[in-house]
Amino acid sequence: MSSLFSINKKIIAITGATGVLGMALSKYLASQDSQMILIGRNPEKTKNLAQDIIKSGGRAETLPVDVTREEALENAVASLKEKFGRIDVLINMAGGNMAGAVIQPDQSFIDFDTGALRNVLDLNYFGTVLSIKKMLPLLLESNEASIINISSMAASRPMTRVMGYASAKAAIDNITKWLAVEFSHKYEQKIRVNAIAPGFFLTEQNRTLLLDSKNNLTDRGAKIIKNTPMGRFGHPDELFGAVQWLSSEASKFVTGTIVVVDGGFDSYAGV
């Protein structure tokens with residue numbers, strides 16, 4: 001591969017590492033000779049992922065921590081500073097939805113659970129913002145650092161039912177652009193900040209919304225496929241190229257942008 005896209009020897013921290021997309025991405029980046037720092041709430045899952053990477057010849061360290069807990073995150077980052085001294089890339093994959101922040105077809109807006117909505121905002125928005133805040137000193141130790149946030153189609157095109165998740169991801173788009181400007185002005189262009197907005201990929205959280213028990217499309221899943229010009233859900237490996245590009249020198253003049261990887265969903269008007 002051209003050295004322009006090389007991520008060889010980069011130190012990459014990834015939150016939400018044990019989700020479906022996080023696991024696939026972590027294994028791929030490790031295969032490109034990056035040092036992976038796997039961050040997740042579940043110590044066992046994080047450890048198992050690290051072992052899989054190491055067995056395949058990659059390098060991985062674990063950091064089992066809840067990214068919504070600022071003090072715990074600060075303590076964990078202190079250990080990274082001692083061991084690695086810097087972070088070259090931070091990928092904020094941690095996120096998700098909760099039932100109480102979803103408006104079901106037989107419910108109305110007044111039925112949402114306030115606590116669940118706060119938890120969704122904590123996980124998706126504050127989990128990202130706090131990770132950046134605490135890891136910023138280590139990112140500044142890199143010659144050219146890259147932060148990659150994870151947005152969603154629901155950020156720019158608010159969808160039925162997923163009220164809390166859509167709100168949180170819209171906030172991710174905003175903070176991505178705000179931080180891109182802030183960091184360029186204050187840190188001599190040492191840190192770039194971008195986001196990836198995936199289309200519809202099957203994960204543990206959305207599978208039951210998109211497929212029934214026989215793996216047939218639900219009504220919602222059918223509507224999504226109908227409005228996706230490529231006519232299918234995405235595969236995890238179809239995120240690899242965008243992430244590698246944003247992690248490498250190939251994107252060194254790219255900051256403050258939302259990269260859409262969605263099979264054409266965002267471009268289609270449905271007619």
Q. Crowded around Phe84 CZ? As in, over 12 foreign heavy atoms under 6.0 Å?
A. yes
Q) Considering only heavy atoms from C-beta outward, does the side chain of Pro64 approach that of Asn42 to under 4.5 Å? A) no
Q) Under 4.5 Å between side-chain heavy atoms, hopping through other hydrophobics if needed: is there a path connecting Ile258 to Leu179? A) no
Q. Taking Ser151 for the side chain and Ile172 for the main chain, is one N or O donor matched with an acceptor at less than 3.5 Å?
A. no
Q.
Can you confirm whether more than 12 heavy atoms, excluding those of Asp219, are under 6.0 Å from its CG atom?
A. no
Q) Just by distance, do the side chain of Ser248 and the backbone of Ala250 share a donor-acceptor pair under 3.5 Å? A) yes
Q.
Angle between ring planes, Phe200 versus Phe265, binned at 30° and 60°: parallel, tilted or perpendicular?
A. perpendicular
(Q) Can a donor-acceptor pair be found, under 3.5 Å and without considering hydrogens, that links the side chain of Thr18 to the backbone of Lys45? (A) no
Q | Approximate separation, where rounding is to 0.5 Å, of Leu21 CG and Glu238 CD | A | 11.0 Å
Q | Asp173 side chain vs Ala170 backbone, donor-acceptor pair below 3.5 Å | A | no
**Q.** Side chains of Phe112 and Met163 in contact at under 4.5 Å (non-hydrogen atoms)
**A.** yes
Q: Spell out, yes or no, whether Ile150 and Phe126 are grouped together once hydrophobic residues are joined by side-chain heavy atoms under 4.5 Å, including indirect joins.
A: no
Q: Test Leu29 against Ile91 for side chain to side chain contact (heavy atoms under 4.5 Å, CB included), laying out the working first.
A: CA-CA 11 Å; Leu29 295 172; Ile91 306 173; 3.6 Å; yes
Q.
Determine whether Arg207 and Asn215 satisfy the following criterion, side chain to side chain contact (heavy atoms under 4.5 Å, CB included), listing intermediate values before the conclusion.
A. CA-CA 9 Å; Arg207 179 172 290 274; Asn215 283 332; 4.0 Å; yes
Q: For the residue pair Asn149 and Thr128, confirm or rule out a side-chain donor-acceptor distance under 3.5 Å.
A: no
Q: Determine whether Val193 and Tyr187 fall in the same hydrophobic cluster, where Ile, Leu, Val, Met, Phe, Trp and Tyr are linked whenever their side-chain heavy atoms lie under 4.5 Å apart.
A: yes
Q | Minimum heavy-atom distance Asn124-Gly95, with the two atoms named | A | OD1-CA, 3.2 Å
Q: For Ile54 and Ala60, work out which heavy atoms get closest and say how close.
A: CD1-O, 3.9 Å
(Q) Are there over 12 heavy-atom neighbours, none belonging to Gln104, within less than 6.0 Å of that residue's CD? (A) yes
Q. Less than 4.5 Å apart, any side-chain heavy atom of Asp111 and any of Phe109?
A. no
Q: Could you tell me whether Lys190 atom NZ has more than 12 heavy atoms of other residues or ligands within 6.0 Å of it?
A: yes
Q. Atom CD in Glu182, atom CD1 in Ile191: separation rounded to 0.5 Å?
A. 10.5 Å
Q | Main-chain N/O of Trp245 paired with Ser251 side-chain donor or acceptor, under 3.5 Å | A | yes
Q.
Using only atom types and a distance under 3.5 Å, with no angle test, would you say the side chain of Thr15 pairs donor to acceptor with the backbone of Ile39?
A. no
Q | Donor on one side chain, acceptor on other, Ser142 and Asp88, under 3.5 Å | A | yes
Q | Atom pair CD/CD of Glu61 and Gln35 - distance to nearest 0.5 Å | A | 6.0 Å
Q. Hey, are Tyr28 and Gln244 close enough side-chain-wise for a donor-acceptor pair under 3.5 Å?
A. yes
Q) For the hydrophobic clusters of this structure (ILVMFWY residues joined by side-chain heavy atoms under 4.5 Å, transitively), does one cluster hold both Ile148 and Ile12? A) yes
Q | Pairwise side-chain contact, Pro105 with Arg161, heavy-atom cut-off 4.5 Å (strictly under) | A | yes
**Q.** Separation of Ile196 CD1 from Asn92 CG (nearest 0.5 Å)
**A.** 11.5 Å
Q) Does a donor on one side chain and an acceptor on the other come within less than 3.5 Å for Asn8 and Ser6? A) no
**Q.** Asp33 with Arg59: basic N within carboxylate O range, under 4.0 Å
**A.** yes
Q: Would you confirm whether Ser79, through its side chain, and Ala76, through its main-chain N or O, come within 3.5 Å as a donor-acceptor pair?
A: yes
Q.
Please find the pair of heavy atoms, one from Ser247 and one from Val89, that lie closest to each other, and give the distance.
A. OG-CG1, 3.7 Å
Q: Work out which heavy atom in Gly231 is nearest to a heavy atom in Ile225; give both atom names and the distance.
A: O-CG2, 3.6 Å
Q: May I ask whether Leu38 and Leu25 are part of the same hydrophobic cluster, defined by side-chain heavy atoms of I, L, V, M, F, W, Y residues being less than 4.5 angstrom apart, directly or through others?
A: yes
Q | Donor-acceptor contact present, side-chain Thr257 to main-chain Val254, <3.5 Å | A | no
Q) Any donor-acceptor pair under 3.5 Å linking the side chain of Asn206 with the backbone of Thr203? A) yes
Q: Decide side chain to side chain contact (heavy atoms under 4.5 Å, CB included) for Val20 and Leu202; before the verdict, give the C-alpha distance in whole Å, the side-chain angles of both, and the deciding distance to 0.1 Å.
A: CA-CA 8 Å; Val20 170; Leu202 289 175; over 6 Å; no
Q | Point-to-point distance, once rounded to the nearest 0.5 Å, from CG of Asp266 to CG of Asn227 | A | 11.5 Å
Q) With distance as the sole test, does Asn216 use its side chain to make a donor-acceptor pair with the main-chain N or O of Asp212 at under 3.5 Å? A) no
Q) What are the two closest non-hydrogen atoms of Ala145 and Ile87, and how far apart are they? A) CB-O, 4.3 Å
Q: Report, as yes or no, whether the 6.0 Å neighbourhood of atom CZ on Arg220 holds more than 12 heavy atoms from other residues, nucleotides or ligands.
A: yes
Q. Is the shortest side-chain N to carboxylate O distance from Lys252 to Glu144 below 4.0 Å?
A. no
Q) Can you tell which of Lys134, Arg69, Lys133 makes a side-chain hydrogen bond (donor to acceptor under 3.5 Å, both in side chains) with Glu74? A) Lys134
Q) Are the side chains of Phe183 and Leu139 in touch, meaning some heavy atoms are under 4.5 Å apart? A) no
Q.
Is it true that, when you exclude Gln189 itself, more than 12 heavy atoms of the residues, nucleotides or ligands shown sit nearer than 6.0 Å to its CD?
A. no
Q.
Return the NZ to CG distance between Lys169 and Asn174, rounded to the nearest 0.5 Å.
A. 14.0 Å
Q.
If I compare all heavy atoms of Asn194 with all of Gly256, which pair ends up nearest, and what's the gap?
A. OD1-N, 3.1 Å
Q.
So that I can tick it off, tell me whether Lys81 and Glu141 are bridged by a salt bridge, with the cut-off set at under 4.0 angstrom between side-chain N and carboxylate O.
A. no
Q.
Taking CZ in Arg41 as the centre, count heavy atoms belonging to other residues, nucleotides or ligands within less than 6.0 Å. Is the count above 12?
A. no
